[in-house]
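So you know, we letter chains A, B, ... as the sequences are listed, proteins then strands, and number each from 1.
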Amino acid sequence: MPDKKLVKILNNISILLEIKGENPFKSRAYSNAAEIIRENQIDIEKEVQGGTLGNIKGFGEALVKKLTEYVETGKITYYEKLISEIPESLVDITKINTMGPKKTKLVYEQLGVKNINELESACLTGSLSKVKGFTEKSIEIIQNSIAHKKASKGLFLQNSVIEYAENLLGKLKSDSDIIDAEISGSYRRFAETITELNIVVSTKSPENVTKKFRTILFADQIGNQLKLSTNENIPVTIDFVKPEEYIFKLHLSTGSKEYITSFNELLKEKNVVTNFNSEEELYNSLGIKYVPPELRECNTALEKAKQFKIPKLIENSDLKGMLHVHSNWSDGKNTILEMALKAKELGFEYIAMCDHSRSAGYTNGLSIERVQAQHEEIDKLNSENHEIKILKGIESDILTDGSLDYPEDVLEKFDIVVVSVHSLFNMSKSLMTKRIIAALASPYTTILGHPTGRLLTSRLPYEVDIKEIIDAAADYGKIIEINANPYRLDLSWDNVIYAKEKGVKIAINPDSHKTTTLEDVFIGVKVARKGWLEAKDVVNCLTYDKFMKEVVKK
DNA sequence: GCCGTTTTCGGCCCGACTGTTTTCAGTCG
């Protein structure tokens with residue numbers, strides 16, 4: 001496990017140096033080091049003790065010295081000195097939209113603004129508008145960004161707790177006093193973000209087992225409930241109940257408040273007992289169809305269950321094609337072949353390489369010449385028969401006017417074209433909507449990528465009329481992506497429902513930049529399930545032959 | 001601060017957009 005505290009310190013040093021106005025490349029050396037440790041899961045203690053840290057590219061004399069000090073003493077004097085000179089909380093300000101290191105320095109020096117609260121006050125009192133470079137528009141962006149950050153406080157990504165949750169669950173299940181245990185709450189029904197982790201445990205003697213695990217987990221106890229928190233301060237609640245109450249409790253703590261309220265009314269009507277062996281049994285006893293956890297968000301699901309209209313939701317094994325992945329031809333970490341072989345290992349029949357297009361310069365986007373060269377490599381790989389078909393795709397930037405990033409004679413060479421917005425996020429809603437619809441209108445467009453551009457808990461979606469976009473996709477017969485990157489989950493599940501209503505086909509795409517994140521595609525399956533999708537609604541559930549015929553049309 | 005190497009210092013990812021800009025610095029993806 002990489003040392004998260006160290007990664008944070010290195011990143012903070014990088015940002016603080018930028019604020020100080022030091023050589024930007026010196027600053028980057030620190031963020032690079034943090035990135036290398038995080039990406040490659042480097043065990044710093046081991047490297048330092050083995051004297052091998054200096055062998056890793058990116059770690060020179062100065063960093064080795066500082067990290068050795070860190071391993072030996074738990075701190076870095078250089079960093080301590082840095083934060084005694086400038087407030088560490090300035091780092092938070094640089095996370096606010098449009099507030100880079102230079103502007104952060106400016107408001108610190110001119111207004112004494114040291115943290116986000118003080119920046120917000122400066123917006124409200126009007127003092128910020130007196131600083132050079134801050135306009136009405138930019139102050140509005142800052143205020144929105146602060147509001148979004150505050151609203152996201154206490155919200156966590158699903159993937160930030162997966163590892164912890166699985167470990168804890170394993171620990172509980174392996175105990176001989178515990179009959180069964182399951183994660184419940186918003187995690188189980190796959191809400192976009194969660195505020196806490198809930199676990200329900202079945203045991204014959206709840207009182208004794210609660211007490212026992214209070215000691216093991218260093219938790220606080222309230223009755224037969226334990227409260228603790230993960231090392232990222234995510235609250236955890238564990239309920240210990242008797243076997244006869246287990247299923248009922250698990251169900252009760254999984255659904256949303258709205259869903260459970262309606263469910264309880266139904267229970268009252270039917271007057272059922274609480275002892276069940278499974279949730280399916282519970283639903284059967286009510287005379288309604290079983291509702292999978294992902295759908296237990298709103299009353300609609302319960303109404304449909306009464307009418308026996310819960311569809312067979314898509315499952316991981318339905319996926320046949322891995323679409324929208326990047327390779328080291330642009331900003332990915334792995335070769336095309338490495339990505340393809342990993343996809344094959346995960347059970348996929350075909351993979352569509354969709355590296356960045358030429359306008360995305362920072363990602364090493366492909367020039368027309370390099371598109372040609374990549375196609376030659378793909379042809380060669382396909383001729384070698386690696387038992388997975390590789391498709392020629394591209395993630396084309398949607399340019400300001402909605403046009404795509406290559407001339408027609410280049411676009412026509414791709415099997416699929418994913419179109420995405422990567423620039424000019426601050427356009428007005430109507431212009432952004434027009435821009436994206438223009439891209440959908442292109443005969444070369446196959447799939448709209450991450451339709452709102454949001455990053456969960458960190459970046460708001462760009463202003464866009466998503467319903468109008470979905471309507472346009474329906475008109476033009478275009479596919480919309482569920483981007484399964486855990487930070488994006490974009491299209492969101494509620495809009496997936498709308499897309500399905502309009503008959504728009506969906507692609508579930510990992511937008512993966514390395515082999516280790518290809519499995520993110522299965523997170524997208526959860527979003528799809530929450531959006532009521534069946535295998536027939538999702539284009540990458542098609543076999544290779546059908547996909548070529550119906551989607552690629554070549 | 002690191003790397004590569006013409007072994008002592010120059011180059012390090014880049015292009016578009018915005019602002020109170022007039023030729024460039026800051027931010028973003």
Could you give the distance separating [M] and [N] at their [atom1] atoms, to the nearest angstrom?
N	M	atom1	value
dC17(B)	dC12(B)	P	24 Å
dT22(B)	dC28(B)	P	22 Å
dC9(B)	dC14(B)	P	25 Å
dG26(B)	dT20(B)	P	13 Å
dT8(B)	dC3(B)	C1'	12 Å
dG11(B)	dT5(B)	C1'	12 Å
dT27(B)	dC13(B)	C1'	15 Å
dT23(B)	dG29(B)	C1'	24 Å

Looking only at atom types and distance, does a side-chain atom of [X] sit under 3.5 Å from a main-chain N or O of [Y], one as donor and one as acceptor?
X	Y	result
Asn540(A)	Gly321(A)	yes
Glu118(A)	Lys114(A)	yes
Thr445(A)	Ala439(A)	yes
Tyr79(A)	Asn12(A)	no

Seminar exercise, completed: Result for 5'-nearest mapping on DNA chain B, choosing between Asn97(A) and Phe134(A), is Phe134(A)
Seminar exercise, completed: Result for 5'-nearest mapping on DNA chain B, choosing between Thr400(A) and Val64(A), is Val64(A)
For this session: With syn defined as a glycosidic angle within 90° of 0 and anti as everything else, classify dT7(B).
Result: syn
Measuring only between side-chain heavy atoms, which start at C-beta, is [X] closer than 4.5 Å to [Y]?
X	Y	answer
Asn23(A)	Leu17(A)	no
Ile398(A)	Arg435(A)	yes
Asp511(A)	Val325(A)	no
Glu481(A)	Ile506(A)	no

Exercise. Would Asp471(A) and Tyr498(A) count as a side chain to side chain donor-acceptor pair (under 3.5 Å) if you check the C-alpha gap in whole Å, the side-chain angles of each, and the deciding distance to 0.1 Å?
Worked result: CA-CA 9 Å; Asp471(A) 292 345; Tyr498(A) 183 75; 2.7 Å; yes
Looking only at side-chain N and O atoms, does [Y] offer a donor or acceptor that is under 3.5 Å from a partner on [X]?
X	Y	result
Asp465(A)	Thr433(A)	no
Ser330(A)	Asn364(A)	no
Lys150(A)	Asn117(A)	yes

Seminar exercise, completed: Note: chain A reaches DNA chain B at heavy-atom distances under 4.0 Å over the stretch, first to last nt, 5' to 3', of dG1(B) to dG29(B)
Exercise. Reckon Lys66(A) touches a base, only the sugar-phosphate, or nothing at all at heavy-atom distances under 4.0 Å?
Worked result: sugar-phosphate
Exercise. Heavy atoms under 4.0 Å, any strand shown: does Ser423(A) hit a base, just sugar-phosphate, or nothing?
Worked result: nothing
For this session: Tell me which residues in residues 456-465 of chain A put a heavy atom below 4.0 Å from DNA chain B, sorted by number, or none.
Result: Arg459(A)
Exercise. For DNA chain B, which residues in residues 10-34 of chain A have a heavy atom at a distance below 4.0 Å?
Worked result: Asn23(A), Phe25(A), Lys26(A), Arg28(A), Ala29(A), Tyr30(A)
Exercise. What does dT8(B) pair with, Watson-Crick or G-U, if both distances are under 3.5 Å?
Worked result: none
